[in-house]
Undergrad: 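One structure coming up, written as structure tokens, with questions to follow.
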Number of protein chains: 2
Amino acid sequence: MSDLAEPAVKQASAPKGETGVERFERIHAELRDRICLLTYPPGTVLSEVALAKEFDVSRTPIRRVLHKLEFMGLVEIKNGVGTIVSDIDLMTFKETYSLRMRLAELIGELSPGRITVEHLEEIDRLVERTKSLPRENFRDYARIANDLQTLLSDLTGSAPLREVIELFYFRVARIWFTYLSQLDWEDTVASQLAELSELRAALECNDMRAVGQARSVHLHRILTRIGRFIVEP
Amino acid sequence: MSDLAEPAVKQASAPKGETGVERFERIHAELRDRICLLTYPPGTVLSEVALAKEFDVSRTPIRRVLHKLEFMGLVEIKNGVGTIVSDIDLMTFKETYSLRMRLAELIGELSPGRITVEHLEEIDRLVERTKSLPRENFRDYARIANDLQTLLSDLTGSAPLREVIELFYFRVARIWFTYLSQLDWEDTVASQLAELSELRAALECNDMRAVGQARSVHLHRILTRIGRFIVEP
DNA sequence: TTAGCACAACCTGTACACAGCATGTGTTCT
DNA sequence: AGAACACATGCTGTGTACAGGTTGTGCTAA
């Protein structure tokens with residue numbers, strides 16, 4: 001019952017006075033993170049009854065969550081088979097990154113958000129976390145990338161833009177994480193620190209356009225680095 | 001049982017050998033169109049049991065459809081109240097149009113689709129349909145606008161871009177249709193014909209970049225014309 | 001041995017009953 | 001008269017049983 005006792009295996013401890021919407025959001029975020037952090041790598045078959053048992057609810061709320069994940073493009077529900085974590089073909093992956101680059105540039109153009117000291121402090125925290133990252137700790141690296149994305153979302157004033165940026169981030173993040181282990185760790189960390197440094201400088205100048213540009217350049221860099229390890233069909 | 005007997009009121013005649021997915025798509029498209037063509041204007045309360053009765057299914061598939069519509073931002077599901085067709089506040093409306101303009105420009109930049117003679121013929125058909133439109137026939141005008149959007153989707157090679165363009169089109173289309181009756185009919189038709197003419201010229205030149213630009217300019221024109229009739233809070 | 005087929009085991013899809021929630025309405029008390 | 005409250009009524013949320021679909025497996029027969 002208490003949060004002190006950490007279960008041996010994965011287990012969702014439900015808060016006591018939790019409303020229906022909160023429970024839905026909790027399970028959704030949990031499954032989304034498991035997919036994005038590769039706990040469930042692409043191809044994994046999820047069972048509604050198994051998830052229902054784990055989260056101690058019936059299949060009905062689980063189905064709602066899975067259908068939302070399907071809408072987000074993270075899973076594919078097949079009748080009689082199961083819910084399969086989506087993979088992305090190379091073409092769609094590249095197209096998505098190209099689109100994300102353009103969307104990132106728009107952060108500074110379409111009703112940019114307000115920059116506060118909290119944002120700068122968060123950037124500094126991300127830098128520290130990145131620097132103190134043990135070698136080849138891909139999972140924590142992914143978490144930092146997730147938090148950086150959240151920070152940038154917070155800086156995006158246009159609600160529709162923010163929404164679609166997040167949508168495509170979650171859709172391709174796990175694929176990028178998949179390739180992470182094939183890349184040079186030092187380069188990856190250096191690239192991440194460079195982006196954080198550029199973002200911080202842009203934020204200090206209150207230049208949201210520069211923020212969007214820095215993000216766009218970073219995405220381009222990622223795609224280029226991954227491109228080396230992808231063989232064309 | 002037979003399709004010959006057309007029911008007096010709206011009724012969905014289910015094809016015989018229809019699979020589950022097809023039925024879902026059919027009901028989804030039907031309700032989406034009813035919302036976008038203002039059969040269900042913003043604020044309308046939809047009842048799951050009523051819809052289930054009309055489409056002759058149980059609440060379960062209807063709920064799936066309504067939740068997908070909620071993901072698309074067309075309805076808002078409130079516990080204990082009902083499913084309410086969404087309205088859009090002015091700020092979000094403008095932000096969405098700004099984003100749509102930028103996305104339209106990307107049609108010609110991110111892996112543009114192939115132009116065929118069918119596209120030109122479809123454009124010509126849309127021109128004829130627009131010209132033969134009776135005055136103040138907003139509903140058929142909306143249908144033409146829908147078909148034009150479908151045509152442009154078909155010309156968008158990048159799957160992610162196409163997806164998000166459609167998403168935001170469906171989200172704001174009905175709001176634009178709402179203001180339609182307040183605008184000058186002749187101007188509206190002229191604007192539509194101008195866009196079709198520009199698109200046709202761009203397609204003949206095989207210039208997808210010009211297609212995107214024409215669409216973007218058209219969206220800007222729409223927003224400007226509507227802006228005159230909107231009072232700032 | 002191997003190709004073919006029937007079946008069992010698992011999955012999601014559907015229908016329905018019931019619980020929980022929001023809201024309008026009628027009553028009652030001041 | 002007016003305000004406050006209890007309740008009836010409608011809605012969506014949830015749980016559960018069953019129907020329909022898919023796939024792997026093992027038996028059977030050539």
Side-chain angles (χ1 to χ4, degrees), chain A residues 12-31 34-35 40-87, chain B residues 12-31 34-35 40-87:
Chain A
S13 54
K16 201 176 173 186
E18 191 184 34
T19 174
V21 181
E22 289 169 351
R23 184 174 68 175
F24 175 82
E25 298 289 348
R26 176 173 57 87
I27 298 178
H28 170 73
E30 175 64 30
L31 291 184
R34 287 184 190 178
I35 293 173
Y40 299 145
T44 305
V45 179
L46 306 177
S47 162
E48 293 179 356
V49 285
L51 292 173
K53 200 177 294 179
E54 182 196 347
F55 289 99
D56 198 35
V57 293
S58 79
R59 278 180 58 207
T60 311
I62 295 292
R63 281 176 63 77
R64 273 180 60 192
V65 170
L66 291 180
H67 278 94
K68 173 150 188 179
L69 292 174
E70 183 188 35
F71 181 77
M72 293 174 66
L74 297 188
V75 300
E76 194 176 348
I77 302 177
K78 287 187 178 179
N79 187 359
V81 179
T83 300
I84 298 128
V85 178
S86 307
D87 203 346
Chain B
S13 55
K16 201 176 172 186
E18 192 184 36
T19 174
V21 181
E22 288 169 351
R23 184 173 69 175
F24 175 82
E25 298 289 347
R26 177 172 57 86
I27 298 178
H28 171 72
E30 175 64 29
L31 291 184
R34 287 185 190 177
I35 293 173
Y40 298 146
T44 304
V45 179
L46 306 179
S47 163
E48 294 180 356
V49 285
L51 292 174
K53 201 177 297 180
E54 182 195 347
F55 289 99
D56 198 36
V57 293
S58 79
R59 278 180 57 207
T60 312
I62 295 293
R63 281 177 63 78
R64 272 180 61 193
V65 170
L66 291 180
H67 277 93
K68 174 150 188 180
L69 292 174
E70 184 187 36
F71 296 149
M72 293 175 66
L74 297 188
V75 301
E76 194 176 347
I77 302 176
K78 288 187 177 178
N79 186 359
V81 180
T83 300
I84 297 128
V85 178
S86 307
D87 204 346

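So that the names make sense, note that chain A is the first sequence line, chain B the second, and so on, each numbered from 1. What you see below is based on every heavy atom in this structure, not just the backbone, and it leaves out hydrogens, waters and symmetry mates.
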Undergrad: Given atom CD of Glu76(B) and atom P of dT12(D), what is their separation to the nearest angstrom?
TA: 13 Å
Undergrad: Listed by chain and number, what are the side-chain contact (heavy atoms from CB on, under 4.5 Å) partners of Ser58(A), not counting sequence neighbours?
TA: Thr60(A), Pro61(A)
Undergrad: Does Leu74(B) offer a backbone N or O that forms a donor-acceptor pair with the side chain of Ser86(B) under 3.5 Å?
TA: yes
Undergrad: Taking atom C1' of dT16(D) as reference, at what distance in whole Å does atom CD of Glu48(A) sit?
TA: 14 Å
Undergrad: Nearest 0.5 Å, please: how far is CG in Leu69(A) from CD in Glu76(A)?
TA: 13.5 Å
Undergrad: Between atom CD in Glu70(B) and atom P in dC11(D), what is the gap in whole Å?
TA: 18 Å
Undergrad: Heavy atoms under 4.0 Å, any strand shown: does Leu66(A) hit a base, just sugar-phosphate, or nothing?
TA: nothing
Undergrad: Quick one: does Phe55(B)'s side chain get under 4.5 Å of Arg23(B)'s, heavy atoms only?
TA: no
Undergrad: Give me the first and last nucleotide of DNA chain C, going 5' to 3', that has any atom under 4.0 Å from a heavy atom of chain A.
TA: dC11(C) to dT14(C)
Undergrad: Rounded to the nearest angstrom, tell me the gap between atom CZ in Phe55(A) and atom P in dG15(D).
TA: 14 Å
Undergrad: What pairs with Arg63(A) under salt bridge (Lys or Arg N to Asp or Glu O under 4.0 Å), at least two apart in sequence or on another chain?
TA: Glu48(A)
Undergrad: Rounded to the nearest Å, what distance is computed from the CD1 atom of residue Ile27(A) to the P atom of nucleotide dG13(D)?
TA: 14 Å
Undergrad: What is the distance, to the nearest angstrom, from the NE2 atom on His28(A) to the P atom on dG13(D)?
TA: 16 Å
Undergrad: Under 4.0 Å, heavy atoms only, any strand: does Thr60(B) hit a base, just the sugar-phosphate, or nothing?
TA: base
Undergrad: What are the two closest non-hydrogen atoms of Lys68(A) and Phe71(B), and how far apart are they?
TA: CB-CZ, 3.3 Å
Undergrad: Kindly determine whether Arg34(B) and Glu30(B) satisfy salt bridge (Lys or Arg N to Asp or Glu O under 4.0 Å), including the steps that lead there.
TA: CA-CA 6 Å; Arg34(B) 287 185 190 177; Glu30(B) 175 64 29; 2.8 Å; yes
Undergrad: Base, sugar-phosphate, or nothing: which does Arg63(A) touch, judged by heavy atoms less than 4.0 Å apart?
TA: base
Undergrad: With a 4.0 Å limit, can you tell me whether Thr83(B) has a side-chain N or O closer than that to the phosphate oxygens OP1/OP2 of dT12(D)?
TA: yes
Undergrad: Taking CG from Leu46(B) and C1' from dC11(D), how many angstroms apart are they, rounded to a whole number?
TA: 12 Å
Undergrad: At under 4.0 Å between heavy atoms, what does Val57(B) touch on the DNA or RNA strands: base, sugar-phosphate, or nothing?
TA: sugar-phosphate
Undergrad: Report, one pair per line, the protein and nucleotides 5-9 of chain D atoms (nitrogen or oxygen only) whose separation is under 3.5 Å.
TA:
none

Undergrad: If the condition is salt bridge (Lys or Arg N to Asp or Glu O under 4.0 Å), which residues does Arg64(A) pass it with, not counting sequence neighbours?
TA: none
Undergrad: Looking only at heavy atoms, which two atoms of Glu70(B) and Ile77(B) are closest? And how far apart?
TA: OE2-N, 3.5 Å
Undergrad: Set out, line by line, the N/O atom pairs under 3.5 Å between protein and nucleotides 17-26 of chain D.
TA:
unit_1, atom_1, unit_2, atom_2, d
dG21(D), N2, Gly80(A), O, 3.2

Undergrad: To the nearest 0.5 Å, how far apart are OG in Ser47(A) and NZ in Lys53(A)?
TA: 8.5 Å
Undergrad: How close do Val65(B) and His28(B) get, counting heavy atoms only, and between which atoms?
TA: CG1-CA, 3.7 Å
Undergrad: Quick one: CG on Leu46(B) to CD1 on Ile62(B), what's the gap to the nearest 0.5 Å?
TA: 10.0 Å
